[in-house]
There are 2 protein chains.
Amino acid sequence: MPAARKAPKKAARHTAAEPSPLAAEAFADLLKLDLQLCFAVYSTALAFNGVYKRLLDPLGLTYPQYLVMLVLWERDGVSVKEIGRLLHLDSGTLTPLLKRLEAAGLLQRSRDRADERQLQVTLTAQGRTLRERAQTVPLGIGSACGLQAGELLALRDQLLALRQRLDTAAE
Amino acid sequence: MPAARKAPKKAARHTAAEPSPLAAEAFADLLKLDLQLCFAVYSTALAFNGVYKRLLDPLGLTYPQYLVMLVLWERDGVSVKEIGRLLHLDSGTLTPLLKRLEAAGLLQRSRDRADERQLQVTLTAQGRTLRERAQTVPLGIGSACGLQAGELLALRDQLLALRQRLDTAAE
DNA sequence: AACAATTAGTTTGTACGCAATTTAATTTTT
DNA sequence: AAAAATTAAATTGCGTACAAACTAATTGTT
């Protein structure tokens, strides 16, 4: 019995005539909850970053750099646009990040012959090798989270659904 | 029919004594889930930021600045340390942020008479006035989230519990 | 073919976020 | 009371994030 998905509990929209003080109060509480949810997401992201820092410092990577390496380990020779699409980051963020990874000797940036506008991002031998040293990272994150598979899955999916709505709202 | 997505499965790392290939595989999947959860949190935080930007730009605030204002609207005359404790931010982040809010005429920074090490952050009249213009922000966030009270509450609490574990893990 | 529109990436400028160091004030120890 | 330790902010340095403006390559339109 999955509880009517559209039950309009929200008492929403009563700009004009207020139904009752009680409903207005409940509505205000709901609004506060939204803010609190956002803050929970925000501060959890910062906390994750703190854990990742400890795990990634030995590899010389930041978390966003690690994300880029994950993309490349999965599929080498990607364009900046594709990386941005996968990670929800724009080229203004990625260009300097990729240059740092190139300077660190982990990847190479070269223009696509077929379309010179595009940049082909390819791993170097060193970049491929780093993958092995990075094997322990998920273990460290897993133990820091300390959640069961079910919880993990549910939380991830709720967040992704939320992100979708937020992206839509931001047009 | 595009290649069974879960076919090759990777046969993850058999470094020490693995109980069984099946268990090892399930374990590897779990590790991947942790990474995905982190990415979900990370990208949802960025998406929230995008929505907030639209709502806060007219007020001339960023999201972290809005958080500081929320603290001050609730309890004026706080120290930097207290703001940092509430928002999980350190003085290296807050000092320049507060200076910007001061330059914008929203607050005043002055040393505590009783303890000159501490800074008293107090709202100006303009800072207090801004509160009214900010009344519509929660409404905008609420509609962008589009969640019901129960979901909101559950998600918030799961995230806060997770953050607690992450903070502990990071010592 | 010529020119406009689009696209991919880069650059510039602003604002976090945090580690590490520094400065100044207060507290603790001796 | 003097010296040592602690504390609160500020400063410095590095790496995101993203808007806006810019450059160069490709596509489309006439």
Side-chain angles (χ1 to χ4, degrees), chain A residues 39 42-54 56-57 59-69 78-85 87-104 106 109-121 167 170-171, chain B residues 39 42-54 56-57 59-69 78-85 87-104 109-121 166-167 170-171:
Chain A
F39 180 67
Y42 168 75
S43 58
T44 304
L46 296 184
F48 256 123
N49 200 48
V51 173
Y52 264 112
K53 187 159 299 183
R54 298 187 153 238
L56 293 177
D57 258 358
L59 306 183
L61 293 176
T62 65
Y63 178 60
Q65 289 170 2
Y66 173 65
L67 288 178
V68 169
M69 293 304 287
V78 210
S79 69
V80 174
K81 179 165 184 66
E82 181 66 2
I83 296 174
R85 193 184 64 76
L87 303 183
H88 295 242
L89 295 173
D90 76 356
S91 66
T93 300
L94 288 172
T95 294
L97 188 156
L98 290 169
K99 283 185 175 176
R100 274 176 216 115
L101 291 178
E102 185 178 41
L106 298 175
R109 298 169 348 112
S110 54
R111 292 284 161 185
D112 184 336
R113 288 283 165 70
D115 183 345
E116 292 274 344
R117 287 173 306 180
Q118 293 188 29
L119 203 68
Q120 288 259 292
V121 181
D167 282 340
E171 257 105 326
Chain B
F39 179 68
Y42 167 75
S43 57
T44 304
L46 295 185
F48 257 124
N49 200 48
V51 173
Y52 264 112
K53 187 160 297 181
R54 298 189 153 237
L56 293 176
D57 258 358
L59 306 183
L61 294 176
T62 64
Y63 177 61
Q65 289 170 2
Y66 173 65
L67 288 177
V68 169
M69 295 304 287
V78 212
S79 69
V80 174
K81 179 165 182 67
E82 181 66 1
I83 296 173
R85 192 184 65 76
L87 302 183
H88 296 242
L89 296 172
D90 76 356
S91 68
T93 300
L94 288 173
T95 294
L97 187 157
L98 291 169
K99 282 184 175 176
R100 273 174 219 119
L101 291 178
E102 186 178 40
R109 299 169 347 112
S110 55
R111 290 287 161 184
D112 183 337
R113 289 281 165 71
D115 184 343
E116 292 274 344
R117 286 172 307 181
Q118 294 188 30
L119 202 69
Q120 288 261 295
V121 182
L166 295 172
D167 282 339
E171 259 107 322

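A note on names: the letters A, B, ... follow the listed sequences, proteins ahead of strands, and every chain is numbered from 1.
- With C:dC16, D:dA10, D:dA8 as the candidates, the nucleotide lying closest to the side chain of B:Pro64 is C:dC16.
- Distance from the side chain of A:Ser79 is smallest to C:dG9 among C:dG9, C:dA19, C:dT10.
- Between B:Tyr52 and B:Tyr66, the ring-plane angle classifies as tilted under the 30° and 60° cut-offs.
- Closest heavy-atom contact between A:His88 and B:Leu46: O-CD1, 4.2 Å.
- Among the protein residues, A:Thr62 comes within range of the sugar-phosphate backbone only, with heavy atoms under 4.0 Å from sugar or phosphate atoms but none that close to a base.
- Between the CG atom of B:Asp115 and the P atom of C:dT27 there is a distance of 6 Å, given to the nearest Å.
- Note on B:Gln65: a side-chain N or O is less than 4.0 Å away from OP1 or OP2 of C:dC16.
- Contact annotation: B:Tyr63 side-chain N/O to C:dA15 OP1/OP2 distance is not under 4.0 Å.
- The existence of a salt bridge linking B:Arg111 and B:Glu116 is excluded, since no basic side-chain nitrogen approaches an acidic carboxylate oxygen closer than 4.0 Å.
- In this entry the distance linking OH of B:Tyr42 with C1' of D:dG15 reads 11 Å, nearest Å.
- The nearest whole Å value for the distance from the CG atom in B:Leu98 to the P atom in D:dA10 is 8 Å.
- Both A:Thr93 and A:Gly50 lie near DNA chain C, and the one whose nearest nucleotide falls closer to the 5' end is A:Thr93.
- For B:Arg117, whose side chain is taken as the heavy atoms from C-beta onward, the closest listed nucleotide among D:dC18, C:dT26, D:dA10 is C:dT26.
- At whole-Å resolution of the value, NE2 in A:His88 and C1' in D:dA19 are 19 Å apart.
- An OP1 or OP2 oxygen of D:dA10 is reached within less than 4.0 angstrom by a side-chain nitrogen or oxygen of B:Arg111.
- Nearest nucleotide to the B:Gln118 side chain, out of C:dT26, D:dA9, C:dC18: D:dA9.
- Residue-to-nucleotide proximity on DNA chain D shows that, of A:Leu89 and A:Ala114, the 5′-proximal contact is made by A:Leu89.
- The residue among A:Lys99 and A:Lys53 whose nearest nucleotide of DNA chain C lies closer to the 5′ end is A:Lys99.
- Side-chain contact between B:Leu94 and B:Val68 is present, with at least one heavy-atom pair separated by less than 4.5 Å.
- A:Leu46 places its CG atom 11 Å from the P atom of D:dA17, with the value rounded to the nearest Å.
- For A:Lys81, whose side chain is taken as the heavy atoms from C-beta onward, the closest listed nucleotide among D:dC18, D:dA10, C:dA8 is C:dA8.
- No engagement by B:Leu94 is indicated, since no non-hydrogen atom pair under 4.0 Å with the nucleic acid exists.
- Using a 4.0 Å heavy-atom distance criterion, B:Arg100 is classed as a sugar-phosphate-only contact.
- B:Val121 is listed as a side-chain neighbour of B:Ile83, based on a closest heavy-atom distance under 4.5 Å.
- At the phosphate of D:dA10, OP1 or OP2 sits under 4.0 Å from a side-chain N or O atom of B:Thr95.
- Following rounding to the nearest Å, A:Leu56 (CG) and D:dG15 (P) show an atom-to-atom distance of 14 Å.
- Checking C:dA8, D:dA10, C:dC16 against every side-chain atom of B:Leu97, the shortest atom distance belongs to C:dC16.
- For A:Met69 and D:dT16, the CE to C1' distance is 18 Å, given to the nearest whole Å.
- The pair B:Glu102-B:Lys99 does not meet the salt-bridge criterion, since no charged nitrogen lies less than 4.0 angstrom from a carboxylate oxygen.
- Checked against C:dT10, C:dA25, C:dC18, the side chain of B:Asp90 finds its nearest nucleotide in C:dC18.
- Rounded to whole Å, the distance from CG on B:Leu87 to P on C:dC16 is 12 Å.
- Judged by distance alone, with hydrogens and angles left aside, B:Ser91 brings a side-chain donor or acceptor within reach of the base of D:dA10, the pair sitting under 3.5 Å.
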